[in-house]
Peer 1: 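Structure in structure tokens, see below.
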Amino acid sequence: MNSKQNYAFLFLIFLALFLILKISNSFGASILPELKKSINSQCKNDDRYKSIQQCRSDVLSDLAIQGTDFIYRVQDKDIRKDMILQCNFERKNAIKFNACLFEQVAIFFGEDTTIPPPVIIETEKNQEDDLVSIVTPPDSNEVSLIERLVKSTFFIEANDKIDSYDTYTGSAVKINSSDLLTACHVVYDYEKRKFFNNIFISNVDHKDDKKRYSAKVKEHDIKKDACVLSSKEISQYPSIPKIKDFNNLKVYEKVYGIGNPNGFTGRTVEGKIISLYSKTPGDLKSEGTFPYDPVFLIETNAPVDKGNSGGGIYDIEGNLIGILSMCDIVDSAGYPCRLVNPINWSIPASSFKNLTKFNLENDYRVELQKEKDIEKLEQEKKRKELEEEEKSDGFQNNYWEYDNKTRVNSPMDSGGDILDLIYFWDNDVNDCWVNTTLYAKLYSEEQLNYFETKRNKNFSFIMRGANPLNFDGAFVGKVDRKYKDVGLILVADNYEKNLYNKRYNSGGKILIDIINLENLPKKSFVFPIQNLDFYSNKAYNYCKLYKSPLN
């Protein structure tokens, strides 16, 4: 190899190292040697564990949430040694030792060690061009918004060995019942060109519960730094409310960033969009061992840091607009992200659309105060409507009719709305399903004509009760001019015994709310449960026995 080849080889090595450092969380937590000794000492004397390895794994998990590399923010080695000596009395307990070091670093930088998340940070420049952090008291809507978004944020730990000191940490955002978005470099080992063997996630809003769940990489696009994680154990946590497409973003609009920087889980910062790219900037694009070419990028000045990678960037209405991927650093020897005049880049949330479905959950709607006031008025209106329904003669002991085959419905001579259930056999699932149709009473020629033009129009509804059903696949059926009603096809749902009493019973009634369908005389419908389960079980058994088709 000649001298020119040597220079070229060294340049490639330098470039690779630069790219590793450039990514905001592309390396694992740097654990202080004294902290490693503290962990070993604690685990040798802790008889609550069957093995040192199990103890070490649990302690490392707790330390990962705290953060362990903040001491390296202090560049002076002698000052670091003094800090270690100050905390020497806590050496027998690694968690306390680490907390003491964290406090020493905070005191050194004049930071408040008691700031709880979420904290809204505004960044300004003073005359010396230093970063000024101002904790601004946000209004109630802003606090409510951030609190909801934090609930959908997860903390990631990734490694190849459970008790390894080299644990990579980052953030993730839940976008449906089982999937999360994150940056690939949080869970991918670029040197070995493979994903880490162990990926654990924990919800930051419930971090004190110490519940960790296993996750796996479901889909990925390494060049985009876009990864989708999946876990069957996180359905109880809310998803983000909705996303905003890259094409609808504007430069200088305000954004929030939520993630887990330097041991602060669920930390919130704010900034603005500085630039929008539809082509990867040349100085960010790379090939080879560290491929990076997201094409679309969002550049912001929110003061994020190591650990924010994979976390969400949101607009002021709580729409997810991007997943944090990379930050600008001070220098290769310094602390990763530049906090004076910060610059960072996020992968647009819309770039993940070809990797996963954003089945955003109804349990997590972001509402402004005006919308809350409207909701209160609507709830009061519904309450009065329900009271009027209860006074009607619809609640009779023999309300439901059964045809001794597969159909159960409310009586045709009730003079009001009708709920019709029919069970049918499905060969694909080897079981019977129940099809539910609500025949809503119409009172005018105008309404009849209107719904005749809305055949197959989709709408949403909620079937309330002990286990509310939210379903967006409902559609408008045909109009019956003889009975003056319109058929609203609600849902095809697989059957379970005593379905209505177990899931949809609200005080002995089924409550159905139609959400986004215009020109109905009313939006809330009430039917009694009494005898329905008895008849529906018989209808299901008949369907099962004869494998009755849908008719």
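Starting from 1, each residue takes its place in the sequence as its number.
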Peer 1: With sequence neighbours left out, what residues match Lys454 under side-chain hydrogen bond (donor to acceptor under 3.5 Å, both in side chains)?
Peer 2: none
Peer 1: Using a distance-only test with no angle check, is there a side-chain donor-acceptor pair under 3.5 angstrom linking Thr437 and Asp420?
Peer 2: no
Peer 1: Within a reach of under 6.0 Å around NZ of Lys538, are more than 12 heavy atoms found that belong to other residues, nucleotides or ligands?
Peer 2: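 No, NZ of Lys538 has 12 or fewer neighbouring heavy atoms, counting only those of other groups under 6.0 Å.
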Peer 1: Would you find more than 12 non-hydrogen atoms of other residues, nucleotides or ligands less than 6.0 Å from Glu253 atom CD?
Peer 2: yes
Peer 1: Check whether any side-chain heavy atom of Val251 lies under 4.5 Å from a side-chain heavy atom of Ile274, and answer yes or no.
Peer 2: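 They are not in contact (no side-chain heavy atoms under 4.5 Å apart), so the answer is no.
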Peer 1: Considering residues at least two apart in sequence or located in another chain, which fulfil the ring-ring contact (aromatic ring centres under 6.0 Å, His included) criterion with Tyr540?
Peer 2: Tyr495
Peer 1: For Asp179, give me all partners under side chain to side chain contact (heavy atoms under 4.5 Å, CB included), at least two apart in sequence or on another chain.
Peer 2: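 Asp179 satisfies side chain to side chain contact (heavy atoms under 4.5 Å, CB included) with Ile175, Asn176, Lys218, Val228, Ser230, Thr356 once adjacent residues are dropped.
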Peer 1: Quick one: does Ser202's side chain get under 4.5 Å of Phe155's, heavy atoms only?
Peer 2: yes
Peer 1: Is there side-chain contact between Phe459 and Leu490, with at least one heavy-atom pair below 4.5 Å?
Peer 2: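 Contact flag for Phe459/Leu490 side chains = yes.
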Peer 1: Tell me every residue that passes ring-ring contact (aromatic ring centres under 6.0 Å, His included) with Phe475, counting only those two or more places apart in sequence or in another chain.
Peer 2: none
Peer 1: With the side chain counted from C-beta on, respond yes when Asn203 and Ile234 share a heavy-atom pair under 4.5 Å apart, and no when they do not.
Peer 2: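 A side-chain contact is absent here, since even the closest heavy-atom pair is not under 4.5 Å.
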Peer 1: Ignoring hydrogens and geometry beyond distance, is a side-chain donor-acceptor pair present between Asp513 and Ser524 at under 3.5 Å?
Peer 2: yes
Peer 1: Going by side chain to side chain contact (heavy atoms under 4.5 Å, CB included), name the residues that satisfy it together with Leu550, two or more places apart in sequence or in a different chain.
Peer 2: Ile422, Phe424, Asn435
Peer 1: Do we see a donor-acceptor contact under 3.5 Å between the side chains of Tyr213 and Tyr237?
Peer 2: yes
Peer 1: Quick one, Leu145 and Tyr256 - any side-chain contact, counting heavy atoms below 4.5 Å?
Peer 2: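 Heavy-atom side-chain distance check passes, below 4.5 Å.
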Peer 1: For Lys223, what residues pass the side-chain hydrogen bond (donor to acceptor under 3.5 Å, both in side chains) criterion, not counting sequence neighbours?
Peer 2: Glu287
Peer 1: Mind checking side chain to side chain contact (heavy atoms under 4.5 Å, CB included) for Asn248 and listing every partner two or more places apart, or none if nothing turns up?
Peer 2: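 Lys244, Asp245.
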Peer 1: Which residues satisfy the ring-ring contact (aromatic ring centres under 6.0 Å, His included) test with Phe195, sequence neighbours excluded?
Peer 2: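 Tyr188, His220.
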Peer 1: Rounded to the nearest 0.5 Å, what separates atom CG in Leu276 from atom CD1 in Ile298?
Peer 2: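 Reported value, rounded in 0.5 Å steps: 6.5 Å.
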Peer 1: Please name all residues satisfying ring-ring contact (aromatic ring centres under 6.0 Å, His included) with Phe352, sequence neighbours left out, ordered by chain then number.
Peer 2: none
Peer 1: Residues in side-chain hydrogen bond (donor to acceptor under 3.5 Å, both in side chains) with Tyr277, at least two apart?
Peer 2: Glu299
Peer 1: side-chain hydrogen bond (donor to acceptor under 3.5 Å, both in side chains) with Asn344: which residues, sequence neighbours excluded?
Peer 2: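 Thr300.
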Peer 1: Are Ser171 and Thr182 side-chain neighbours, meaning at least one heavy-atom pair lies under 4.5 Å?
Peer 2: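 Ser171 does not reach Thr182 side chain to side chain.
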Peer 1: Is Arg407 close to Tyr423 at the side-chain level, that is, under 4.5 Å between some pair of heavy atoms?
Peer 2: no
Peer 1: Looking at residues at least two apart in the chain, or sitting in another chain, which of them share a side chain to side chain contact (heavy atoms under 4.5 Å, CB included) with Ala349?
Peer 2: Ile243, Leu320
Peer 1: Are the side chains of Phe525 and Phe461 in touch, meaning some heavy atoms are under 4.5 Å apart?
Peer 2: no
